[in-house]
J.: 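Below: one structure in structure tokens.
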Amino acid sequence: MQGDVREHLAALDAVGADPITVRRESELDRVDGLVIPGGESTTMSRLLQVFDLLEPLRARLREGMPAYGSCAGMILLASDVLDTRPDAQQLFGLDITVRRNAFGRQVASFETDLAMDGVEGAPLRAVFIRAPWVERVGADVTVLATVPPDADADPGALGRVVAVRQGAVLATSFHPEVTGDHRVHELFVKIVRESN
Ligand code: GLN
């Protein structure tokens, strides 16, 4: 629902997965892993309730289903969110605290190259669109990427945590699906394969 669904499908397809869209529980039952795209997290949280997906999704995550959340997807997967609506629902897939729209409200979309653990080769082009950052990581969470010190971004953004992993759950503040570089999706598909 919402977000760059087509781009995520194309990226997953390109790295050898067999992606389907998930809008109902019967579709959720069929997948080995789930990508939660960007969009508007409070709207997506409402849609999850409208589509009766919130509790089934929480249950699958508790059972260890691999998931990858980009931007709003990271917000939804988090256990705690700052600067959100009081009625926004969380999936509790990651023991992290994220701040919504952390890089600034409207203007603070930016791009930078960054290194991400688990992604081999040249730095990734990371595209941030009204993105969250991670302010707290739990003991079981690994930080995979931070905004580099020389990024062309607000000084307050430098060093911020923007990619994490906890078990089979992966999240990035940025949008790899818009760059044509499929290495983050490749990492996620590897996590899914290793979990099955
Ligand atoms: N700002 C959005 C939110 O709070 C996330 C933006 C995005 O997914 N590109 O949900």
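Whatever order the structure lists them in is the order used to number ligands and atoms, beginning at 1. Atoms considered below: every heavy atom in the structure, side chains included; atoms not considered: hydrogens, waters and symmetry mates.
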J.: Any carboxylate oxygen within less than 4.0 angstrom of a Lys/Arg side-chain nitrogen, looking at Arg99 and Asp83?
T.: yes
J.: Would you call Glu40 and Arg46 a salt bridge, using N to O less than 4.0 angstrom?
T.: no
J.: List the protein residues in contact with ligand 1, where contact means a heavy-atom separation under 4.0 angstrom.
T.: Gly38, Gly39, Glu40, Ser41, Cys71, Ala72, Ile75, Arg100, Asn101, Ile129, Arg130, His175
J.: I'd like to know if Arg24 and Asp52 make a salt bridge, using a cut-off of under 4.0 Å between side-chain N and carboxylate O.
T.: no
J.: Between Arg30 and Glu27 (salt bridge meaning N to carboxylate O under 4.0 Å), is one present in this structure?
T.: no
J.: Taking ring-ring contact (aromatic ring centres under 6.0 Å, His included) as the test, write out the residues that go with His8, two or more places apart.
T.: His185
J.: Show your reasoning for whether salt bridge (Lys or Arg N to Asp or Glu O under 4.0 Å) applies to Arg183 and Glu186.
T.: CA-CA 5 Å; Arg183 287 177 293 167; Glu186 202 172 5; over 6 Å; no
